[in-house]
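Here is the structure we will look at.
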Amino acid sequence: MIKVAILGYGTVGSGVFEIINENKELLTSNIGDEMEVKYVLDLRDFPGDPCEEVLVHDYNIILNDPEVEVVIEVMGGLKPAYDFVKSALEAGKSVCTSNKELVAKYGAELIKIAHSHNRNFLFEAAVGGGIPIIRPINMHITADKICEITGILNGTTNYILTKMDKEGADFESTLKTAQDLGYAERNPEADIEGFDAVRKIAILASLAKGKTVDFEEIYTEGISKITAADFKYAKVMGRSIKLLGKCKNEDDAVVASVAPRLLAPDHPLYNVNDVVNGILVRGNMVGDLVFIGSGAGKLPTASAVVSDVVDSIRHLNVPTTILWDEEKLELEDFSKSRKKFFVRTDALKEEAETVFGAVEYVDAGISGEIGFITEKISEEDFSKKAEKLGKVISRIRVEE
Ligand code: HSE
């Protein structure tokens, strides 16, 4: 009998408890042994809930119990999660987590500590919710250089953009609907400004490159400036607008970003709608691999966590290879990255052409402005030209 402990009985924690009990027989055969939740840690009480019998309020009970082999951290945030996880690993326990903040900031360090104790630090649920993406990168796409990862990594923003696209609604009212339906937080900043997605792309980039990609160095732009008018132009172009986390080899450098982009219908992520997440991994041998599924939610996220628990018990004293060194990966300056831009402006066509040269016009029938697509230019050049034009209403990057 293998004993585990769950830290945090929120949405994901209660989902983990539910799956372990509901799928008990299946998990026993997958593991080859029985698993039991010996403790659930939470500050709150849950009268009448099935977790009541194993609920504790003091983390030290778990830390000091040698019977607990695996600690499941689903509290979120850095404090006290970092201290709890570090001390569990140092005590020789494996840790499985869904905490992208923790993994983005301390992933390499925590993997190293786990391995120095012959244990595992696993985090499948930290990116893409229920979608298997961490394990495929670590264990399956090992014959390839990964040249690109492009992902719709945030369900909340994908839901909002899908609704704006399909219903022609504006950003504010769609955000409010998303909040009323429980898809968006009351404080939605982390999702809509891209702070959630940037941590996720930093984790994927670190795994793909084997070195630490600092999420704070990744260019990040959210969706709060996207308007119903932008979608009118997108429709004329036959494109959709998606918030994409990207990490891509450009020449000899690695460029990473989170930003809204215009996607054509032949792009593998074009049809990834609503709260669904999608991740495109491009290997230099295998070509394109696409992973699509539930990127958030209680049971999908808990399912990924429990799959890590199964893995960590199957390999109780065998560290799983995860190539993610503490050494920092120097990203290419985003201002050097080149692409086409879609621009809305109230300048005249001849002014736009004087500054940008040959452009491709897009007519969405909106009076008092023009829309056009530039040639492929660097971010730096674009900013200079946009400043020179001086009348830019909005601009969105065009995905190749
Ligand atoms: N807020 C996140 C999302 C939850 O909307 O995708 C999953 O990380």
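Note that the coordinates shown come from a computational prediction; the quantities given were computed from them, not determined experimentally. Order of appearance sets the numbers: ligands from 1, and atoms from 1 within every ligand.
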Restricting to pairs with a member in residues 266-318, which pass ring-ring contact (aromatic ring centres under 6.0 Å, His included), not counting sequence neighbours? none
Going through the distances and angles, do Leu263 and Leu244 end up as a side chain to side chain contact (heavy atoms under 4.5 Å, CB included)? CA-CA 10 Å; Leu263 243 65; Leu244 298 185; 3.4 Å; yes
Tell me the protein heavy atom at minimum distance from atom 6 (O) of ligand 1, and give that distance in Å. Gly155 N, 2.8 Å
Can an N or O of Lys200 be found at a distance shorter than 3.5 Å from an N or O of ligand 1? yes
Quick one: nearest non-hydrogen protein atom to atom 5 (O) of ligand 1, plus distance? Thr156 OG1, 2.6 Å
Sub-4.0 Å atoms of ligand 1 with respect to non-hydrogen atoms of Ala296: 4 (C), 7 (C)
So, do Phe231 and Tyr233 have ring centers that fall under 6.0 Å from each other? no
Is Gly295 in contact with ligand 1, taking contact as a heavy-atom separation below 4.0 Å? yes
Nearest-contact summary for atom 1 (N) of ligand 1 - protein heavy atom, Å: Asp191 OD1, 2.9 Å
Before we go on, tell me: are the rings of Phe341 and Phe356 under 6.0 Å apart, centre to centre? no
Determine whether any heavy atom of Glu185 lies closer than 4.0 Å to an atom of ligand 1. no
On the six-membered ring of Phe215, is Lys105 placed so that its NZ or CZ lies under 6.0 angstrom from the centre and within 45° of the ring axis? no
With a 4.0 Å cut-off on N to O distance, would you call Asp196 and Lys200 a salt bridge? yes
